[in-house]
Amino acid sequence: MARQFVIQREEHQAVPSGSVDFSGELNPRQLEAATWGAGPVLVVAGAGTGKTRTLVYRVAWLIDTGVLPEHIVLLTFTRRAATQMLTRASGLLDGRCSRVRGGTFHAFCLTILKKYASKIGYPSNFTVLDAADSADVIDILRARYTSKADGKRFPKKRTLQQMVSSMRNRGLALADVLESTWPQFVEFEERLGKMFDEYASYKQAQGLMDYDDLLVLTLKLFQSQPQVLREVASMCRHVLVDEYQDTNRAQALLVRALSSVHGNVMVVGDDAQSIYRFRGADLGNILSFRDEFAAAAEIKLEHNYRSTQSILDLANEVLTSAHRRLDKQLFTERSKGDRPALVPAPDDRFESRFVSQMILQFREQGVPLNQMAVLFRNGQSSYDLEVELNRRNVPFVKYGGLKLSEAAHIKDILAHLKVLENPRDAVAWNRVLQLLEGIGPKTSGRIIEWISKAGDTPFQIDNGAFSAAYVDSLMRLFQVLRGIHGSTMTPADQIETLSEYYAPIMRNVYSEDYPKREPDLDHLTGIAARFSDRAAMLDSLALDPIELSAINVEELENDEPPLVLSTIHSAKGLEFKVVFLIQALDGVLPSAYSVGSTEALDEELRLLYVAVTRAEDHLFITYPMIQFRRYEGQYFAKPSRFLVDVPESILEPCTLVESGSPAPDVLEERSKESSSMIESSESGSAAGEMLPPLDGLPF
DNA sequence: ACAAGCAGTTTTTTT
DNA sequence: AACTGCTTGT
């Protein structure tokens, strides 16, 4: 008989030794969640109910009761969210939580895979592909699977990439995915199936992993190597998951796996804020958590501390038409506040002028810029406003939309680093080689084949083997690569060296707009200075691309904290005193892509809900009445279908008039530069009140 | 055979 | 601003 050891049960009931006053800082429900003992628990936390606060105190409680920080895993949706929470927890605990493991599912899986890569047939220096890289890989294969006869009907690389992705993170068969989302491509099923199989083996052969691989291969590792699972899961004494409503099937399985030894898992989420269905998020995960984790308890947080009653009224109204939801009713003890305003503007320019003018007014009333946000459905919706804000010297940061590391010229530089890191990475080689004059897809393919045969000395070149048209530039490339390969340069120095080599190429390739791109190379060098390890830098940039305009913020460090512009998706979890939701148009929110399906429309509705619930004190929803489209010219736009039926008692309809013009004529007055004002339409435009009434607000 | 240049189309949201 | 397909040039 084997000897039996008994481990002392953790003492959860003990009064925490530290100085944190848990019951004073949290309401009874929050306290119950933060001090939860053992076993699975679902925390349903409505918008603004102190979800982050609860998680922060949860971490503090665990550590205070003696759990080692490195035995806590805090999985969040973005890295920003993780750092924010750990910083706050660290404030409560005098820094005692620095060793809590946390981050996104993808980043957490990456650390596991780096350690155990060889067990699933991968080298440990594998490269992480972002969505665009992965589409490039697929495109290489696509050429082999298409013929002239297919014409335009065969799916584009981006679509193909989305197909693979949705198969894998939902765990569905190709046939199902095609039938539900791309019925027009059902005829290609057999070819697509083969192509996707080849995609998988191609990645393995080259040491490449896409985002979905990080999750799926971790699961596969756990399945095929039970001792690895046991090893990893025993280090996860407490698993905390934020934004559980936005996890996909693979992530739910990971949560189950990670908690399989200790069984202590707390998931926090709000079904009404699930907005990542397009990425495979499965609302079913949160709705059926209590079935999947036997005996799971449920705690509901319904006391909203963020918004005024008027804003919550609109939020609740919006939600009444949603289909699937958990029962929950938000309430607040805050005062009624102003009704949210619906402001139609004659056109984009007026909308931008109105928003910037209001922002300046609020600032004069003492609201700091960084307590205000402008939200929109699409990244490009804010271009006009950005111009206007620049003109008025209003500093802003933009979240969502284009990322620095997704810009073509940055990807070029990064491709050189990837080649140095993993010389088997053919996608990176393709990019690097095709920058050279005289080298296109075919030649680049041939050179890559030659390189792969060269074996251990990847950056040596035999100049006799190549055509005179491009040997010289090829030699120069290899010389630069060898120079870096054989040195001990820091990542920043490597980028500096590469930039010097790349600058003339950039002038050639992007001859029209290279001056705009040039400063970005310096930015990149600056970012690289934070890293001492090239591989870590590449992984980090792949998993957490840098927001393009976030760079400008660092330069302004000592100036006024900037206004926030953000896509609704990127604003998840944030709150602001004043919120403007712009471009609230039918076809934008809801997106034109979603009108075909109830499920998709529901998600757009929740998106509106998320936008509305970001606001604490004031909410303005605006849209232009006239839009421009490239081939259709000007046409009359409709406001979002979610807003037209909202009673006026909840959403106040307003009109915008140009000062000095009694009857504003939309088309003729557009170019005037005088300041506009807003009036409430129901009180009659002649005696219209100035909005907003800025006096006596609870700032 | 292959690269480069041109013209026309198309753009959701993100790890 | 990027992607695709077509045409021209080497």
Side-chain angles (χ1 to χ4, degrees), chain A residues 75-82 103-110 128-132 134-136 139 142-143 146 148 151-152 154 156-159 161-162 165 169 209-215 243 246-248 250-251 274-281 375-381 383 399-403 405-409 411 433-434 436-446 467-470 508-513 516-517 539-545 547 566-572 583 587-595 600 603-604 606-607 610-611 629-631:
Chain A
L75 294 168
T76 56
F77 203 69
T78 60
R79 192 177 297 191
R80 206 160 90 211
T104 61
F105 276 91
H106 291 87
F108 186 72
C109 287
L110 179 63
V128 179
L129 303 172
D130 67 18
S134 138
D136 284 342
D139 207 37
R142 184 179 184 270
T146 45
K148 282 253 161 57
K152 292 185 170 180
F154 200 80
K156 303 272 180 287
K157 65 175 181 182
R158 203 61 221 213
T159 314
Q161 190 258 322
Q162 284 169 20
S165 186
N169 55 34
M209 283 193 201
D210 62 22
Y211 287 146
D212 304 318
D213 287 326
L214 294 175
L215 307 179
E243 309 282 11
D246 281 320
T247 52
N248 60 34
Q251 289 166 323
S274 165
I275 53 175
Y276 282 90
R277 204 182 73 103
F278 68 94
R279 213 176 82 182
L375 306 182
F376 31 85
R377 174 66 173 87
N378 303 332
Q380 76 277 16
S381 297
Y383 288 163
Y399 295 106
L402 257 184
K403 306 287 196 297
S405 42
E406 282 162 4
H409 52 295
K411 298 207 82 163
L433 292 170
Q434 288 186 39
L436 305 178
E437 197 119 326
I439 299 182
K442 294 284 172 181
T443 313
S444 133
R446 251 185 274 122
S467 146
Y470 51 80
N508 182 30
V509 178
Y510 307 101
S511 48
E512 298 107 53
D513 62 350
K516 267 192 246 163
R517 296 172 186 259
D539 290 339
S540 171
L541 287 179
L543 289 179
D544 191 24
E547 306 279 349
S566 175
T567 57
I568 301 174
H569 284 91
S570 300
K572 189 157 97 159
Q583 299 279 310
V588 176
L589 179 66
S591 144
Y593 291 79
S594 67
V595 292
E603 171 136 322
E604 300 285 316
R606 293 192 295 264
L607 208 44
V610 169
R629 254 186 220 167
R630 203 165 296 197
Y631 301 103

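Chain letters run A, B, ... following the sequence lines, proteins first and then strands; every chain starts at 1.
Close to B/dA3, at under 4.0 Å from its OP1 or OP2, lies no side-chain N or O of A/Tyr470.
The residue A/Ser594 sits apart from the nucleic acid: no heavy atom pair falls under 4.0 Å. Nucleic acid contact class of A/Arg277 (heavy atoms, under 4.0 Å, all strands): none. When heavy atoms are screened at a 4.0 angstrom cut-off, A/Arg517 is found touching the sugar-phosphate backbone but no base atom.
A/Arg80 and A/Asp544 are not joined by a salt bridge, as no carboxylate oxygen comes within less than 4.0 angstrom of a charged side-chain nitrogen. Taking 4.0 Å as the cut-off between side-chain N and carboxylate O, A/Arg279 and A/Asp246 do not count as a salt-bridged pair.
In terms of the side chain to side chain contact (heavy atoms under 4.5 Å, CB included) criterion, residue partners of A/Lys157 (sequence neighbours excluded) are, by chain and number, A/Ala135, A/Asp136, A/Asp139. Taking A/Pro545 as the reference, A/Lys403, A/Ser405, A/Glu406 meet the side chain to side chain contact (heavy atoms under 4.5 Å, CB included) condition, with sequence neighbours excluded.
The separation between A/Tyr383 atom OH and B/dT11 atom P is 15 Å, rounded to whole Å. Remark: C1' of B/dA3 and CG of A/Leu433 are 14 Å apart, rounded to the nearest angstrom. Remark: P of C/dA2 and CG of A/Asp136 are 13 Å apart, rounded to the nearest angstrom.
Minimum atom distance to the side chain of A/Ala408 is reached by C/dA2, of the listed B/dA3, C/dT4, C/dA2. Checked against C/dT4, B/dA4, B/dC2, the side chain of A/Lys156 finds its nearest nucleotide in C/dT4.
Nearest heavy atom pair, residue A/Glu604 against residue A/Val588, reads OE1-O, 4.1 Å.
Aromatic ring centres of A/Phe278 and A/His569 lie closer together than 6.0 Å.
Mapping A/Gln434 and A/Val588 onto DNA chain B via the closest heavy atom, the residue that lands nearer the 5' end is A/Gln434.
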Using a cutoff of under 3.5 Å, can you pull out all pairs of nitrogen or oxygen atoms linking the protein to nucleotides 13-15 of chain B, with atom names and distances?
from: B/dT13; atom 1: OP1; to: A/Gly379; atom 2: N; distance (Å): 2.7
from: B/dT13; atom 1: O4'; to: A/Arg377; atom 2: NH1; distance (Å): 3.1
from: B/dT13; atom 1: O2; to: A/Arg377; atom 2: NH1; distance (Å): 3.4
from: B/dT13; atom 1: O2; to: A/Arg377; atom 2: NH2; distance (Å): 3.0
from: B/dT13; atom 1: O2; to: A/His569; atom 2: NE2; distance (Å): 3.4
from: B/dT14; atom 1: OP1; to: A/Thr567; atom 2: OG1; distance (Å): 3.0
from: B/dT14; atom 1: OP1; to: A/Ser570; atom 2: OG; distance (Å): 3.0
from: B/dT15; atom 1: O4'; to: A/Arg279; atom 2: NH1; distance (Å): 3.2
from: B/dT15; atom 1: O3'; to: A/Thr104; atom 2: OG1; distance (Å): 3.4
from: B/dT15; atom 1: O2; to: A/His106; atom 2: NE2; distance (Å): 3.2

